[in-house]
J.: 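Would you mind keeping the following structure in view while I ask a few things?
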Amino acid sequence: QVDTNVFYQMKQYYADFVPFKYKDTTYSLQYVNSGYYYTEVVFYNMNAEKPSEEENETYYCKKEEYEEWKEFVQQLVLVVDGVEYKVIPGEENRPWYETYDGGFTHMHPYFPAFIYDDVTSVELRFGDTVYKVK
């Protein structure tokens with residue numbers, strides 16, 4: 001049974017589509033959702049191309065985008081009060097192509113949990129790109 005108090009400890013921080021560039025793709029950070037069980041970081045690729053039916057069945061997006069996303073997310077680092085965390089293995093959460101609003105993909109990698117109100121600083125790093133969440 002889940003203690004419902006943990007849901008009040010969850011916090012969603014909106015980043016307003018901050019750009020993280022990798023190769024020729026801009027992954028736009030929309031929000032960081034921290035909580036008791038995991039931390040979800042949500043990105044969008046607003047320039048995604050529609051996948052073929054076969055790609056959609058297998059990858060849920062174009063194959064090239066899936067491969068590039070795997071490379072990108074493995075280089076992301078979440079830094080909480082000076083401690084660095086990589087994405088939880090197996091929780092890269094492949095991109096999903098959506099057709100409404102012109103077409104885009106969204107991605108939701110998971111990192112270890114932290115309680116937003118209990119920490120002093122939170123950063124998301126990718127190479128030289130550093131975004132201060134808190």
Side-chain angles (χ1 to χ4, degrees):
Q1 185 168 354
V2 175
D3 176 2
T4 56
N5 288 328
V6 301
F7 297 111
Y8 297 108
Q9 294 173 336
M10 295 182 76
K11 175 107 177 179
Q12 198 166 69
Y13 175 86
Y14 282 91
D16 203 22
F17 294 98
V18 174
F20 283 71
K21 295 189 186 279
Y22 181 64
K23 295 185 178 180
D24 292 330
T25 304
T26 299
Y27 296 103
S28 300
L29 174 64
Q30 184 193 24
Y31 64 84
V32 176
N33 186 21
S34 65
Y36 193 74
Y37 296 109
Y38 57 82
T39 299
E40 175 186 35
V41 179
V42 178
F43 288 96
Y44 283 81
N45 174 3
M46 302 307 285
N47 296 315
E49 296 177 16
K50 185 174 183 176
S52 67
E53 283 186 39
E54 181 180 323
E55 287 174 316
N56 198 37
E57 296 263 330
T58 306
Y59 303 103
Y60 308 107
C61 64
K62 292 200 70 71
K63 181 180 180 184
E64 296 82 17
E65 184 176 11
Y66 173 68
E67 296 298 330
E68 187 176 295
W69 169 250
K70 287 191 331 186
E71 294 171 10
F72 171 76
V73 76
Q74 293 303 320
Q75 298 175 51
L76 279 173
V77 179
L78 180 70
V79 184
V80 180
D81 284 346
V83 179
E84 295 185 357
Y85 298 98
K86 299 291 259 172
V87 69
I88 297 171
E91 295 295 339
E92 297 88 2
N93 291 334
R94 66 181 72 223
W96 287 80
Y97 185 79
E98 300 286 347
T99 56
Y100 57 90
D101 214 19
F104 61 88
T105 52
H106 54 97
M107 309 83 162
H108 305 250
Y110 292 162
F111 290 85
F114 70 92
I115 303 302
Y116 190 87
D117 293 335
D118 292 349
V119 301
T120 306
S121 67
V122 179
E123 294 178 346
L124 192 60
R125 296 180 186 166
F126 177 77
D128 293 336
T129 303
V130 176
Y131 179 71
K132 292 186 183 290
V133 176
K134 180 177 185 183

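All values derive from a computational prediction rather than experimental measurement.
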J.: So, applying side chain to side chain contact (heavy atoms under 4.5 Å, CB included) with W96, which one of H106, M107, H108 is it?
T.: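 Result for side chain to side chain contact (heavy atoms under 4.5 Å, CB included) with W96: H106.
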
J.: Would you compute the distance between atom CD of E68 and atom CG of N45 and round it to the nearest 0.5 angstrom?
T.: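 The CG atom of N45 is 8.0 Å from CD of E68, to the nearest 0.5 Å.
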
J.: Quick one: are Y66 and P95 in side-chain contact, heavy atoms under 4.5 Å?
T.: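 The answer is yes, as the side chains (C-beta and beyond) meet within the 4.5 Å cut-off.
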
J.: Quick one: does K21's side chain get under 4.5 Å of F126's, heavy atoms only?
T.: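 Answer no - side chains too far apart.
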
J.: Hydrophobic cluster membership, with links at side-chain heavy-atom distances under 4.5 Å among I/L/V/M/F/W/Y: are V130 and V133 in one?
T.: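 Different clusters.
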
J.: Less than 3.5 Å apart, which donor and acceptor atoms pair up between the side chains of residues 69-84 and the rest of the protein, not counting sequence neighbours?
T.:
unit_1: W69; atom_1: NE1; unit_2: E92; atom_2: O; d: 3.1
unit_1: W69; atom_1: NE1; unit_2: N93; atom_2: O; d: 3.4
unit_1: E71; atom_1: OE1; unit_2: Y22; atom_2: OH; d: 2.7
unit_1: E71; atom_1: OE1; unit_2: K23; atom_2: NZ; d: 2.8
unit_1: Q74; atom_1: NE2; unit_2: E92; atom_2: OE2; d: 2.9
unit_1: Q75; atom_1: NE2; unit_2: E71; atom_2: O; d: 3.2
unit_1: D81; atom_1: OD1; unit_2: T120; atom_2: N; d: 2.8
unit_1: D81; atom_1: OD1; unit_2: S121; atom_2: N; d: 2.8
unit_1: D81; atom_1: OD2; unit_2: T120; atom_2: N; d: 3.4
unit_1: E84; atom_1: OE2; unit_2: R125; atom_2: NH1; d: 3.4

J.: Which pair of non-hydrogen atoms, one from V87 and one from P109, has the smallest distance, and what is that distance?
T.: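 Scanning both residues, the minimum pair turns out to be CG2-CB, 3.7 Å.
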
J.: side-chain hydrogen bond (donor to acceptor under 3.5 Å, both in side chains) with K134: which residues, sequence neighbours excluded?
T.: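 Per chain and number, K134 pairs via side-chain hydrogen bond (donor to acceptor under 3.5 Å, both in side chains) with no residue.
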
J.: To the nearest 0.5 Å, what is the distance between SG on C61 and CD on E98?
T.: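 Rounded to the nearest 0.5 Å, the SG-CD separation comes out at 11.5 Å.
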
J.: More than 12 heavy atoms of other residues, nucleotides or ligands under 6.0 Å from CD of E64: is that the case?
T.: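 Yes, enclosed.
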
J.: Check Y97 against A48 and note the closest heavy-atom contact, atom names and distance.
T.: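 Nearest pair, atom of Y97 first, then A48: CE1-O, 3.9 Å.
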
J.: Cluster question for you: counting only ILVMFWY and a side-chain heavy-atom cut-off of under 4.5 Å, with indirect links fine, are M46 and Y60 together?
T.: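 In one cluster: no.
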
J.: Within the 4.5 Å heavy-atom criterion, are T129 and Y131 side-chain neighbours or not?
T.: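 When only atoms from C-beta onward are counted, Y131 and T129 do not touch, as no gap falls below 4.5 Å.
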
J.: Would you call the rings of F20 and F43 parallel, tilted or perpendicular, taking 30° and 60° as the class edges?
T.: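 Perpendicular.
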
J.: Salt bridge or not between E55 and K63? Use side-chain N to carboxylate O under 4.0 Å.
T.: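 Here E55 does not pair with K63 in a salt bridge, since their nearest N and O are not under 4.0 Å apart.
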
J.: Evaluate the side-chain proximity of Y14 to D16: yes if any heavy-atom separation is below 4.5 Å, no if none is.
T.: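 Contact flag for D16/Y14 side chains = no.
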
J.: Keeping the roles fixed (side chain from S34, backbone from T39), state whether a donor-acceptor pair exists under 3.5 Å.
T.: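 No, because the side chain of S34 does not come within donor-acceptor range (under 3.5 Å) of the backbone of T39.
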
J.: Could you give me the CA-CA distance, side-chain angles and deciding distance for Y38 and Y110, then say whether ring pair (Phe, Tyr, Trp, His ring centres under 6.0 Å) is met?
T.: CA-CA 6 Å; Y38 57 82; Y110 292 162; 4.4 Å; yes

J.: Is there side-chain contact between V41 and L29, with heavy atoms separated by less than 4.5 Å?
T.: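 Yes; the side chains approach each other to less than 4.5 Å.
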
J.: Do Y27 and V18 share a hydrophobic cluster (ILVMFWY, side-chain heavy atoms under 4.5 Å, transitive)?
T.: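 Result: yes, single cluster for both.
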
